[in-house]
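All values below come from the heavy atoms of this structure, side chains included, with hydrogens, waters and symmetry mates left out. These numbers were taken from a predicted model, which means no experiment stands behind them. Each chain gets a letter, A, B and so on, in the order the sequences are listed, and its residues count up from 1.
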Protein chains: 2
Amino acid sequence: MEMGLRNGLRDKRTVVAQLREELSLLIEKEKLVTGDRLPTELELTGRFRISRPALREALKLLEQDGIINVVHGKGRFISATAALRVERPITCFESVTDMVRRFGYQPNNKVLSISEEEPDPEIAKALALNSSARVIRLERLRMQNDKVIMYCVDYVPRSAIPGRLDDLDWTGSLLDLLEKHYQRPKMSTATASAVMLPQHIVDRNNLHDFGPAFLIEEIAFSDAGLPVAYAQDYHRGSAFSFSFVRK
Amino acid sequence: MEMGLRNGLRDKRTVVAQLREELSLLIEKEKLVTGDRLPTELELTGRFRISRPALREALKLLEQDGIINVVHGKGRFISATAALRVERPITCFESVTDMVRRFGYQPNNKVLSISEEEPDPEIAKALALNSSARVIRLERLRMQNDKVIMYCVDYVPRSAIPGRLDDLDWTGSLLDLLEKHYQRPKMSTATASAVMLPQHIVDRNNLHDFGPAFLIEEIAFSDAGLPVAYAQDYHRGSAFSFSFVRK
DNA sequence: CGAATGTCAGTTGTCTGACAACATCATCAA
DNA sequence: TTGATGATGTTGTCAGACAACTGACATTCG
């Protein structure tokens, strides 16, 4: 039986954040299934050596996620939705580079253009920029062998990346670059749709065989809740599919 | 300045649940925007006449939703994501009928075929059926005026719907039908991709102008965690887009 | 004068202990 | 047998306290 939280001093997160993780682990380890009851608050506070308010905040988060149900006077129970799991849902934020690798590709990224420009009103609004601010526009292809599997356009505030644009390597993960110079995106709001590639993109890059594209338009936010990137990612339909849970 | 929670006695929900709602309302009413600071815990506990632990549980929920972010020692601040909250993300389970209506369509559903058959191994597995069980296959078009906006194929266990198939009205919500005869689906696992409609579907229904389709393949589960339906929904790409949050 | 350090008030993070409200079950009395 | 009652275990809520962090200002030292 474990006692106390795992990474005593090393973990800078709040007790609640750690607890939340510990509780998820507990459910997994103890192989609790739908309908099973969680240990009582008394037992959990004793086991992890934390206070009831902290524990309750963590449990409340699991409850909001639909992992557990609470019945006043009885206890907390594993809900049926907890069993619904997909391996890496689209609702988990990660860099495009990582996502593509997970599909088993070892992509080669080709920069089509990199420029500094005045943002469209739509993009300025998405990035919460004032009227004078400028953006960096990055246009890339992701290739698997010689096949184009993605066409990507990214916008980041010019102020996020200091220095000359030509001095940087834009072939890697944009998130890594943002982390180094600014703030790493931690979450996003996204809209997905099925489209054909814009004709001029097809013509310019000889993408006549690209077929239907899975388009994700996404605004990425830092930990502090600031928008730090706007992306339009066109995924070759035949090369990608995305899973998620609905509840 | 309001004092205490609104619906004093009538509201049977927990204080935390009410608070969560009150806080959302507060943000709206006070027209708080990205970067603004929320009132302090001290002020909020005073205003709503509730304890700090209860308040903190509610705030933790808003935090998990990405509506606010906390800085230890400074306060709580409205996140940029709060402004573009998607009211109904794709991760919220609902019937196709309801979803389509939300897009502003008043669809007319046309049944192409309804039949009882032996399931493909893939479908039998998705519905956790034993080898002898049979399924109902329902093939439909959803029309807006005379335009086809969706092509849908649904599979449900034969045992879920008793009686003769011809005696039922299949033009409505399949979820409603399942609720009446069996168990209403409450959640699902889904996979989305961008495809073209299968050629034979295009030919048979004169859908040459359908364009790229947003395909959602979905296994729906009941409250008890039992699979009750398998669906393939092809959405006309130009007519639908789906939002969600990643974190 | 400038930079590092100390102090203080304000805010969030965490803990302790207590009581209320609800669910379950054993006990007891009619 | 059955209904009332109370004991016990559980979650819901409250009150107060202290710790840890932030920012601003004052102080000290070079």
For B:L42, answer base if it contacts any base atom (sugar-phosphate contacts may also be present), sugar-phosphate if it contacts only those atoms, and nothing otherwise; contact means non-hydrogen atoms under 4.0 Å. nothing
Within this structure, what is the CZ-to-C1' distance between A:F77 and C:dC22, rounded to whole angstrom? 13 Å
D:dC21 OP1/OP2 closer than 4.0 Å to side-chain N/O of B:K74: no
Given C:dC15, D:dT13, D:dT11, the nucleotide with the shortest approach to the side chain of A:E41: D:dT11
Rounded to whole angstrom units, what separation is found between the CG atom of A:N69 and the C1' atom of D:dT10? 16 Å
Give the rounded distance in Å between these two atoms: CG of B:L38 and C1' of C:dG10. 16 Å
Parallel under 30°, tilted from 30 to 60°, perpendicular over 60°: which one fits the rings of B:F242 and B:F214? tilted
Take the protein atom CZ of A:F48 and the nucleotide atom P of C:dT14, then report the distance between them rounded to whole Å. 15 Å
May I ask you to verify if any side-chain N or O of B:R56 is less than 4.0 angstrom from the OP1 or OP2 atom of C:dT12? no
Nearest whole angstrom, please: distance from the P of C:dT12 to the CG of B:L55. 9 Å
On the nucleotide D:dG12, are OP1 or OP2 found under 4.0 Å from the side-chain N or O atoms that A:R76 carries? yes
Would you indicate which nucleotide in C:dC15, C:dC22, D:dT13 comes nearest to any side-chain atom of A:H72? C:dC22
Decide whether A:R142 and A:T97 meet the rule of one side-chain donor and one side-chain acceptor closer than 3.5 Å. yes
Between B:F103, B:F240, B:Y105, which is the residue that forms a ring-ring contact (aromatic ring centres under 6.0 Å, His included) with B:H235? B:F240
Would you kindly check whether a donor in the side chain of A:R52 faces an acceptor in the base of D:dT11, or vice versa, at under 3.5 angstrom? no
Whole angstrom is fine here: how far is it from NZ in A:K12 over to C1' in D:dC21? 11 Å
Looking only at side-chain atoms of A:A54, point me to the closest of C:dC15, C:dT12, D:dG12. C:dC15
Provide the closest heavy-atom pair for A:R101 versus A:P107 in the form atom of the first, atom of the second, distance. CG-CD, 4.5 Å
Picking from C:dT12, C:dC15, D:dT10, the nucleotide nearest the side-chain atoms of A:R37 would be D:dT10
Could you check how far CD of B:E57 sits from C1' of D:dT13, rounded to whole Å? 9 Å
If you define the side chain from C-beta out and look only at heavy atoms, does anything of B:M99 sit under 4.5 Å from B:S95? no
Are B:V71 and B:R76 packed together at the side-chain level, in the sense that at least one heavy-atom pair is separated by less than 4.5 angstrom? no
Can you find a heavy atom in the side chain of B:P119 that is under 4.5 Å from one in the side chain of B:Y155? no
Check whether A:S222 reaches the backbone of A:Q183 with its side chain - one donor and one acceptor, N or O, closer than 3.5 Å. no
Distances for protein N/O vs nucleotides 4-8 of chain C N/O pairs under 3.5 angstrom?
none

Heavy-atom nearest nucleotide on DNA chain D for A:G73 versus B:P53: which residue maps closer to 5'? A:G73
Given C:dT14, D:dT11, D:dT13, the nucleotide with the shortest approach to the side chain of A:V70: D:dT11
